[in-house]
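Take a look at the structure below.
None of the values given here were measured: they were computed from a predicted structure. Just so it is clear: chains get the letters A, B, ... in the order the sequence lines come, proteins before strands, and each one is counted from 1.
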Amino acid sequence: WYQGMDISLDEQDNDDEYEQLTAAQVLERLEESWVNECLSPFLLETQQEVIDCLLEQCQSVEDNFSQASPFAVGIHQLELQRIRYTVTDYVRSRLKKIEKHAEFALEEEKEKTEDSVPHLSPAEFVYAREFHRNTLHHMNETAMKHMPPPFQSLEKKHSMTHPNLNTFIFFKVKEDCNDVLIDPQDPPVDLSKDEILVSKYLPVSSLLEQNKIKLL
Amino acid sequence: AVVSTQSGHYGRELMFGEKAVALVKELHRTPPEQLQHLNEDLLRQVFAEMGALFEANKSDIENRADMNDNKMIPSIHMRHSALEHNQRCVLAYLKQRLNKICKFRWDHGAVLPEEIQLSLQEHEKQWFNKYNKSLATYMQSLGGLDITQNTVPPKSLKIQVRCLQEYGELETDSGDIVMLTLNSEHYLPLTECEHLIKQGVLQHMGS
């Protein structure tokens with residue numbers, strides 16, 4: 001069903017042009033984002049548009065079931081369940097990261113500039129903030145207010161947990177990249193398309209966000 | 001200054017920080033699916049120890065002969081370390097309990113089994129309710145998608161299940177009524193069964 005449909009998903013790339021993607025491309029983007037998100041140590045840019053769009057499409061396909069033959073309905077339903085599973089797992093993976101390092105996520109967002117893509121969707125931002133506040137309030141009520149005055153609050157450097165951005169990841173190169181600094185002690189290298197490499201996450205994280213590599 | 005005159009089961013006076021570590025150990029030894037009551041008694045003892053340590057430090061600082069009297073500095077440092085250690089253990093204990101409660105939400109749903117509810121202290125119950133609300137708000141933003149379901153990739157639309165308990169009637173989305181009696185087998189849509197499998201009412205048979 002999705003081969004025949006064109007969805008207008010407004011995609012903004014660096015040159016401020018709007019791209020129309022087919023449903024198949026949106027699905028591919030979701031699957032790649034899902035794999036990337038599950039394998040990366042912390043949150044990647046939010047793909048909220050992709051999932052909102054897909055969920056809407058799933059709903060409208062379901063609404064049209066009465067017009068299709070029962071056999072086709074069965075196949076479509078399984079496909080829809082698979083898409084829903086992918087979206088759900090993607091969202092879950094992000095929430096788990098937020099819960100583990102809520103304060104870090106909020107700090108990271110604060111430091112972003114106007115034109116960079118946020119890592120947290122608006123709903124995720126609210127979730128992170130509520131989770132953090134909730135936990136802090138609990139700590140205060142149950143423990144900290146019973147402690148001597150200097151210990152009734154925590155400095156950020158003590159309370160904030162950090163995800164390990166230097167874990168190693170495997171990735172495949174999608175387009176040629178020149179002069180990439182993987183290791184500060186080595187000179188920059190050129191990455192060619194279809195190469196499979198392993199490195200620490202942090203040096204290549206910007207390549208991942210620019211969609212030039214994908215995690216394996 | 002003697003801080004703790006209570007000899008623990010070690011038969012000697014406890015060192016500073018030992019009670020706090022006992023809290024952490026107690027939690028560490030509990031199986032993942034279980035949660036004991038919050039050990040409020042031990043927590044109170046740790047707070048009392050912290051209070052006494054702090055007062056001792058305060059009095060040492062105030063009773064210095066002059067600004068250059070450094071005799072008490074090693075003691076002050078030691079007590080301060082003990083204070084920090086206690087704070088850290090207590091917060092770790094509480095946070096780990098929250099982590100477990102969090103996981104219970106995902107495993108058991110918005111209403112926790114009674115035995116777990118009984119183990120939660122009042123503040124933890126409030127935390128859980130707020131967490132539940134946050135999660136519900138977030139799921140609303142996705143058009144009501146229940147993200148606590150769909151935990152395994154769907155292989156087929158319907159699955160063969162066996163009923164492990166006397167459950168009674170189950171009404172499916174299409175309006176059919178299925179009688180779930182002990183050991184009965186059914187071929188049901190995955191979406192209907194998933195939460196029952198998680199609760200242990202149904203068992204997925206083969207693949």
Side-chain angles (χ1 to χ4, degrees), chain A residues 48 51-52 54-56 58-59 73-96 98-100 121-135 137-152 154 158-159 161, chain B residues 38 40 43-44 46-48 50-55 57-58 80 83-84 86-88 90-91 93-95 97-99 101-102 106 121-124 126-131 133-135 137-158 189-191:
Chain A
Q48 195 60 35
I51 53 181
D52 283 341
L54 273 176
L55 288 176
E56 234 177 79
C58 286
Q59 194 54 48
V73 166
I75 297 182
H76 288 332
Q77 264 184 336
L78 189 56
E79 191 60 42
L80 284 184
Q81 273 189 28
R82 288 206 177 105
I83 294 174
R84 281 217 172 92
Y85 168 76
T86 312
V87 169
T88 310
D89 206 56
Y90 170 75
V91 158
R92 263 200 298 261
S93 165
R94 289 174 68 87
L95 281 193
K96 286 203 163 61
I98 291 175
E99 285 175 5
K100 226 172 159 199
S121 72
E124 284 170 347
F125 182 79
V126 170
Y127 185 84
R129 199 181 50 194
E130 284 178 1
F131 186 82
H132 179 63
R133 273 194 198 150
N134 197 7
T135 308
H137 176 80
H138 181 263
M139 294 297 167
N140 275 329
E141 289 299 305
T142 339
M144 307 230 277
K145 73 180 190 190
H146 302 291
M147 294 185 181
F151 296 90
Q152 284 180 3
L154 279 177
H158 294 307
S159 68
T161 56
Chain B
L38 188 73
E40 299 198 61
L43 269 179
R44 263 195 293 270
V46 175
F47 296 144
M50 286 179 83
L53 285 166
F54 181 70
E55 287 305 312
N57 265 358
K58 210 165 133 197
H80 189 75
L83 280 163
E84 283 183 333
N86 278 344
Q87 185 193 45
R88 195 171 161 173
V90 166
L91 292 180
Y93 172 71
L94 293 173
K95 183 65 162 76
R97 283 181 66 95
L98 289 186
N99 290 344
I101 296 171
C102 209
W106 289 78
Q121 187 243 17
E122 202 47 50
H123 287 130
E124 290 176 331
Q126 286 173 18
W127 186 89
F128 178 76
N129 288 336
K130 286 187 202 167
Y131 178 69
K133 205 156 149 264
S134 272
L135 193 57
T137 309
Y138 181 76
M139 295 199 278
Q140 267 307 101
S141 80
L142 291 177
L145 180 71
D146 186 354
I147 55 179
T148 63
Q149 300 300 315
N150 265 340
T151 46
V152 288
K155 286 210 176 85
S156 60
L157 276 178
K158 289 187 164 191
L190 185 58
T191 44

If you round to the nearest 0.5 Å, how far is [atom2] of [Y] from [atom1] of [X]?
X      : Y      : atom1 : atom2 : answer
A:E99  : B:W106 : CD    : CH2   : 6.5 Å
A:K100 : B:C102 : NZ    : SG    : 12.5 Å
A:M147 : B:N86  : CE    : CG    : 7.5 Å
A:H146 : B:L43  : NE2   : CG    : 8.5 Å
B:Y138 : A:E130 : OH    : CD    : 12.5 Å
B:H123 : A:N140 : NE2   : CG    : 10.5 Å

field: Residues, nucleotides or ligands: over 12 heavy atoms within 6.0 Å of A:E141 CD
entry: yes

Name the option with the most non-hydrogen atom pairs under 4.5 Å to chain B; the candidates are [options].
options                     : result
A:Q77, A:Q59, A:Q48, A:M139 : A:M139
A:I51, A:V126, A:L95        : A:L95
A:R92, A:E56, A:R82         : A:R92
A:A123, A:P148, A:P150      : A:P148

query: Please walk me through it: do A:H137 and B:K130 pass side chain to side chain contact (heavy atoms under 4.5 Å, CB included)?
result: CA-CA 11 Å; A:H137 176 80; B:K130 286 187 202 167; 3.5 Å; yes

- request: Take A:D89 and B:I147, measure what side chain to side chain contact (heavy atoms under 4.5 Å, CB included) needs, and give me the verdict at the end.
  value: CA-CA 8 Å; A:D89 206 56; B:I147 55 179; over 6 Å; no

Set of salt bridge (Lys or Arg N to Asp or Glu O under 4.0 Å) partners for A:R129, sequence neighbours left out: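 For A:R129, no residue satisfies salt bridge (Lys or Arg N to Asp or Glu O under 4.0 Å) once neighbours in sequence are set aside.
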
- request: For side chain to side chain contact (heavy atoms under 4.5 Å, CB included), just list the numbers for A:L154 and B:Q87, CA-CA rounded to whole Å, side-chain angles, deciding distance to a tenth of an Å, and then say yes or no.
  value: CA-CA 10 Å; A:L154 279 177; B:Q87 185 193 45; 3.8 Å; yes

Does [X] reach the side chain of [Y], with side-chain heavy atoms less than 4.5 Å apart?
X      : Y      : answer
A:T135 : B:K95  : yes
B:E84  : A:F151 : yes
A:P149 : B:F54  : yes

message: Is A:E124 in contact with chain B via its backbone, its side chain, both, or neither, using a 4.5 Å heavy-atom distance?
response: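 Both backbone and side chain.
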
Between [X] and chain A, with a heavy-atom cut-off of 4.5 Å, which part of the residue counts as in contact: side chain, backbone, both or neither?
X      : answer
B:S134 : both
B:N99  : neither
B:E124 : both
B:L135 : both
B:L98  : side chain

- prompt: Does B:W127 offer a backbone N or O that forms a donor-acceptor pair with the side chain of A:N134 under 3.5 Å?
  reply: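 Confirmed, A:N134 side chain pairs with B:W127 backbone.
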
statement: By side-chain contact (heavy atoms from CB on, under 4.5 Å), A:L55 pairs with (sequence neighbours left out) A:V87, B:L142, B:L145

message: Using side chain to side chain contact (heavy atoms under 4.5 Å, CB included), reason through A:T142 and B:Q121 one step at a time and then give a plain yes or no.
response: CA-CA 10 Å; A:T142 339; B:Q121 187 243 17; 4.2 Å; yes

